[in-house]
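Take a look at the structure set out below.
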Amino acid sequence: MTRAQEKEQGTVFGDGLNLFGGEDTQKGTGSGIGVNSFLWRATLDTLSFMPLNSADPFGGVIITDWYTPGETPNERFKLTAYILGTALRSDAIKVSVFRQVNVGPNQWQDAVVESGTVTSMEDAILTRARQLRIDSATAE
């Protein structure tokens, strides 16, 4: 049986098992991040001023640690960004913002996040992602 016939017929494991690379990885269908790469990089760039707690490129989740702005030392912020797909679309990014205010020595209390904060963060990420896509197209 030729290789083409084997490929057409399939294998015991189906067509998806490819442990050691081969033709599929050469076509660019191998493993990589499971989300839109422009949104992923743009999110990391946009949130780079905050300390990073964890980043999962396969699940598309970026979690920052608490960040206290220099101009407002009595409040701190934490963000979680979810990249929800492989398309560069506005509904593929979701940001959650958490805010706390200092009410005593090492005592923090949850506080309301100003309206528009989440939207402006998502817009900043989308703007950066579009710029990264444009830059990659002109670099080719």
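Only this structure's heavy atoms are used, side chains among them; waters, hydrogens and symmetry mates stay out. Small disclaimer: the values here were computed from a predicted structure and weren't measured.
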**Asked** Is a side-chain donor or acceptor of Ser136 paired with a backbone partner of Arg133 at a separation under 3.5 angstrom?
**Response** yes
**Message:** Would a single hydrophobic cluster contain both Leu39 and Tyr82, if residues Ile, Leu, Val, Met, Phe, Trp and Tyr are joined by side-chain heavy-atom contacts under 4.5 Å?
**Reply:** no
**Fill in**
Sorted by chain and residue number, the side chain to side chain donor-acceptor pair (under 3.5 Å) partners of Asp45 (sequence neighbours excluded) come out as Arg41, Arg128
**Fill in**
dist Ile125:CD1 -> Ile93:CD1 (nearest 0.5 Å) comes out at 4.5 Å
Show the atom names and distances, to 0.1 Å, of all donor-acceptor pairs under 3.5 Å that link a side chain in residues 61-72 to residues at least two apart or in another chain.
from  : atom 1 : to    : atom 2 : distance (Å)
Thr64 : OG1    : Leu79 : N      : 2.8
Thr64 : OG1    : Leu79 : O      : 3.3
Thr72 : OG1    : Glu75 : OE2    : 3.1

**Prompt:** With sequence neighbours excluded, what pairs up with Gln100 under the side chain to side chain donor-acceptor pair (under 3.5 Å) test?
**Reply:** Arg76, Asp110
**Message:** If I compare all heavy atoms of Ala42 with all of Ala129, which pair ends up nearest, and what's the gap?
**Reply:** CB-N, 3.3 Å
**Prompt:** Quick one: does Glu122's side chain have a donor or acceptor within less than 3.5 Å of a partner on Val95's backbone?
**Reply:** yes
**Fill in**
Contacts of Asn74 meeting side chain to side chain donor-acceptor pair (under 3.5 Å) (sequence neighbours excluded), chain-then-number -> none
**Item:** Least distance between heavy atoms, Leu47 atom then Ala81 atom
**Value:** CD1-CB, 4.4 Å
**Complete:** Value for CE (Met50) from CG (Leu52), rounded to nearest 0.5 Å, stands at 10.0 Å
**Taking every non-hydrogen atom, the tightest pair across Ala92 and Ala87** = CB-O, 3.4 Å
Below 3.5 Å, can you tabulate the donor-acceptor pairs from side chains in residues 111-121 to any protein atom, sequence neighbours excluded?
from   : atom 1 : to     : atom 2 : distance (Å)
Thr117 : OG1    : Glu114 : O      : 2.9
Ser120 : OG     : Gly116 : O      : 3.1
Ser120 : OG     : Thr117 : O      : 2.9

**Fill in**
In short, Thr80 meets Phe98 closest at the heavy-atom pair OG1-CE1, 3.8 Å
**Prompt:** Measuring from Ile134:CD1 to Phe38:CZ, what's the distance to the nearest 0.5 Å?
**Reply:** 10.0 Å
**Complete:** Applying side chain to side chain donor-acceptor pair (under 3.5 Å) to Arg89 and not counting sequence neighbours gives Asp91
